[in-house]
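The structure appears right after this line, and notes come after that.
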Amino acid sequence: MSSSASAVESDREQVLTTTPGPILVLGAPGSGKGTQAKELIKHWGIPHISTGDLLRANRDRGTDLGKIADGLMKRGELVPDSLVNEMVAARLKEPDTARGYILDGFPRTLGQASWLDGRLATQKGSLPVVAVSIHVDYNQLLRRITGRRTCPACGAIYNIYLNPPKKDGLCDVDGTTLVHRADDTEEAFKERMRSYGALTEPVIEHYRGLGRFAEVDGDGPIAAIAAGIVAAVERLRQ
Ligand code: AP5
Ligand code: MG
């Protein structure tokens, strides 16, 4: 192994031996939570838990939760706290969460935040959460949402205007036909923004007030935003 390759390997080992703990990625619809979480898991080697993805997987499997969530999600309304908390509780019991995890899109109500804070407070040895909020302005969000396409096989995220796949309509990773999410219409986006303003912005204020909080500008190159999030989390963990 060359000396620079071994330095990279040793940096990676260093990162993987630290404990990142629970990291919350918050932000409006289209702010880049999923895109950033996919970058961050490469850095820390911890799982990405997106409540939106978990609900869509339930919908696709036709579970009772998926049937309830489907109509609410299409309209851009939130799924009730009790159902989402239960789903998250089950996911957090998986052993891959032991060193930490990235929660994307959860909590998004004060009820969910208080459930999560309570759960972590009673868990021996658990680090407190670090929260990062990604800020992007309204017109940019709308463009991101209407242009988004995702791969139903591997979850890769594209944008026909801003981050297009190499071949029109096909995933760069596995060639699967890309899909347009049912809630990525302008009408559903407006409802999602209403829920965000009324129910999720207070969650951001809650974590800002607790400290261990950073806001990052989400308008720029994906890798540069990810580097800013990593630096902020590492600073807040010191
Ligand atoms: P969810 O799936 O979480 O949707 P969301 O919060 O509306 O966020 P999005 O996934 O739309 O956006 P994102 O921030 O992940 O952006 P992305 O990285 O894809 O939730 C969906 C629904 O499920 C909710 O409406 C609700 O009904 C239900 N739900 C989920 N969680 C819930 C909860 N906790 N409680 C109750 N209900 C819940 O990027 C967007 C686009 O921008 C992409 O095209 C991407 O390529 C592009 N892009 C990203 N970053 C950049 C960049 N830096 N430059 C250029 N383009 C970029
Ligand atoms: Mg997402």
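One-based numbering, in listed order, for ligands and for the atoms of each.
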- request: Provide the full list of side chain to side chain donor-acceptor pair (under 3.5 Å) pairs with a residue in residues 211-233, sequence neighbours left out, each pair given once.
  value: Q140-D219
Main chain of [Y], side chain of [X]: is a donor-acceptor contact present, judged purely on distance under 3.5 Å?
X    : Y    : answer
S126 : Q123 : no
R192 : D183 : yes
Q36  : A226 : yes

message: Pair E39, H48 - check side chain to side chain donor-acceptor pair (under 3.5 Å), show working.
response: CA-CA 10 Å; E39 296 295 310; H48 166 207; over 6 Å; no
task: For ligand 1, would you mind listing the residues that have at least one heavy atom less than 4.0 Å away, ordered by chain and number?
output: A28, P29, G30, S31, G32, K33, G34, T35, T51, G52, L55, R56, M73, E77, L78, V79, V84, G105, F106, R108, Q112, R144, I145, R148, I157, Y158, N159, L162, N163, R181, D183, R192, G218, G220, I222, I225
field: F189 ring center near Y138 ring center (under 6.0 Å)
entry: yes
